[in-house]
Amino acid sequence: YKEEYKSQYLVKNEKEGNIRIGLFKLEEGAEGVEKLKVDLKEENVKLQDATEKTDIMVKKLEKESQIANAKADEVKGVKELCEIDKAKITVEKEEANRELAEALPFQLKAEQALKELHPKDIQELKTYKNPRDIIRMVLDGVQILLQ
C-alpha cells in the first residue's frame, strides 16, 4: 500500500511539476501576447500614418494625371490645328512657286529691257509734266527692279 501511495505520489508530483511548467509557459505566452499587442498598436499607428500619406499621394497623383491628360488633349488640339495650317501653307507655297515660275520670265525680260534704257530716254520722261498712269506704273516697276 505504501509503495502504491509512493508511486502515485511521484506520478502526481511529476504531473504537478508539468502543470506548473505549463502554467509558467502560459504566463510567459500571455506576457508575450501583451507585448505583441502593444507592438501591434504601434505598428497600426505607423500603418495608418503611411496609409494616410499614401492616400494623399494617390490623390495628388490623380490630380496631376488629370491635369496632364487635359494638357495632352490641349496639345493634341493644337497639333491638329498646326497640321491643318501646314497643309494650307503647303498648298499656298506650291501656288506661290507656280506663280513665281510663271512671273520669272517676265522679270527677266523686264531686266533686259531696263539694261537697254539710255539716259536720253529718262530725260524724255522727265519732260512730261503730268505723265499718264501707265507711264507711272512702268516707272514704279523700274524703280522696284533697280532696288
Side-chain angles (χ1 to χ4, degrees), residues 8-147:
Q8 289 291 328
Y9 180 76
L10 288 174
V11 169
K12 299 241 187 236
N13 204 15
E14 187 179 329
K15 285 183 181 180
E16 180 187 358
N18 288 340
I19 289 174
R20 286 182 192 264
I21 290 173
L23 288 174
F24 179 74
K25 296 274 185 190
L26 283 174
E27 286 177 6
E28 278 185 341
E31 289 174 6
V33 167
E34 290 301 317
K35 282 184 179 181
L36 287 175
K37 283 182 181 179
V38 170
D39 290 346
L40 183 60
K41 284 181 182 179
E42 291 174 1
E43 291 300 318
N44 277 339
V45 169
K46 290 178 184 178
L47 179 63
Q48 187 176 0
D49 287 344
T51 301
E52 289 173 1
K53 288 178 182 177
T54 302
D55 289 343
I56 291 170
M57 190 181 301
V58 166
K59 287 178 184 177
K60 183 179 176 184
L61 288 174
E62 286 174 349
K63 187 176 182 181
E64 289 175 359
S65 177
Q66 289 174 348
I67 291 170
N69 287 339
K71 198 64 160 173
D73 291 343
E74 181 183 337
V75 168
K76 183 180 177 183
V78 169
K79 180 182 177 187
E80 289 172 357
L81 291 175
C82 287
E83 287 174 358
I84 291 170
D85 287 346
K86 178 184 174 185
K88 287 179 184 177
I89 290 170
T90 301
V91 169
E92 290 175 1
K93 179 183 175 185
E94 289 171 357
E95 185 179 330
N97 284 337
R98 185 180 42 77
E99 289 176 2
L100 180 62
E102 290 176 4
L104 197 57
F106 295 110
Q107 180 184 356
L108 294 174
K109 285 182 183 178
E111 287 176 356
Q112 186 61 34
L114 184 62
K115 289 178 183 176
E116 294 176 8
L117 269 179
H118 300 291
K120 68 178 183 174
D121 298 327
I122 304 283
Q123 288 300 326
E124 181 183 339
L125 289 174
K126 285 183 180 179
T127 62
Y128 296 141
K129 291 184 181 183
N130 289 322
R132 288 201 234 159
D133 288 339
I134 189 74
I135 294 175
R136 285 186 186 162
M137 288 174 51
V138 168
L139 290 178
D140 286 343
V142 168
Q143 184 179 5
I144 290 171
L145 286 173
L146 289 175
Q147 289 180 350

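- Residue pairs meeting the side chain to side chain donor-acceptor pair (under 3.5 Å) criterion with at least one partner in residues 19-36, sequence neighbours excluded, are E16-R20.
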Could you list the donor-acceptor pairs under 3.5 angstrom formed between side-chain atoms of residues 88-111 and any protein atom two or more places apart in sequence or on another chain?
residue	atom	partner	partner atom	Å
T90	OG1	K86	O	2.7
N97	ND2	K93	O	3.4
Q107	NE2	E111	OE2	3.1

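- A distance of 9.5 Å separates CG in L40 from CG in L47, rounded to the nearest 0.5 Å.
- Put simply, the side chain of H118 reaches to within 4.5 Å of the side chain of D121, judged on heavy atoms.
- For Q143, the side chain to side chain contact (heavy atoms under 4.5 Å, CB included) test picks out D140, Q147, with sequence neighbours left out.
- Looking at residues two or more places apart in sequence or on another chain, you find a side chain to side chain contact (heavy atoms under 4.5 Å, CB included) between Q112 and K115, E116.
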Show your reasoning for whether side-chain contact (heavy atoms from CB on, under 4.5 Å) applies to R136 and D133.
CA-CA 5 Å; R136 285 186 186 162; D133 288 339; 4.0 Å; yes
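- V58 pairs by the side chain to side chain contact (heavy atoms under 4.5 Å, CB included) definition with T54, E62, not counting sequence neighbours.
- For the atom pair OG1 of T51 and CG of N44, the computed distance is 9.5 Å after rounding to the nearest 0.5 Å.
- A distance of 6.0 Å separates OG1 in T127 from CD in E124, rounded to the nearest 0.5 Å.
- Here the CG-NZ distance, from D55 to K60, works out to 14.5 Å after rounding to the nearest 0.5 Å.
- Pairs passing the side chain to side chain donor-acceptor pair (under 3.5 Å) check and including a residue from residues 72-81, sequence neighbours excluded, do not occur.
- Proximity of S65 to L61: side-chain heavy atoms (C-beta onward) are nowhere separated by under 4.5 Å.
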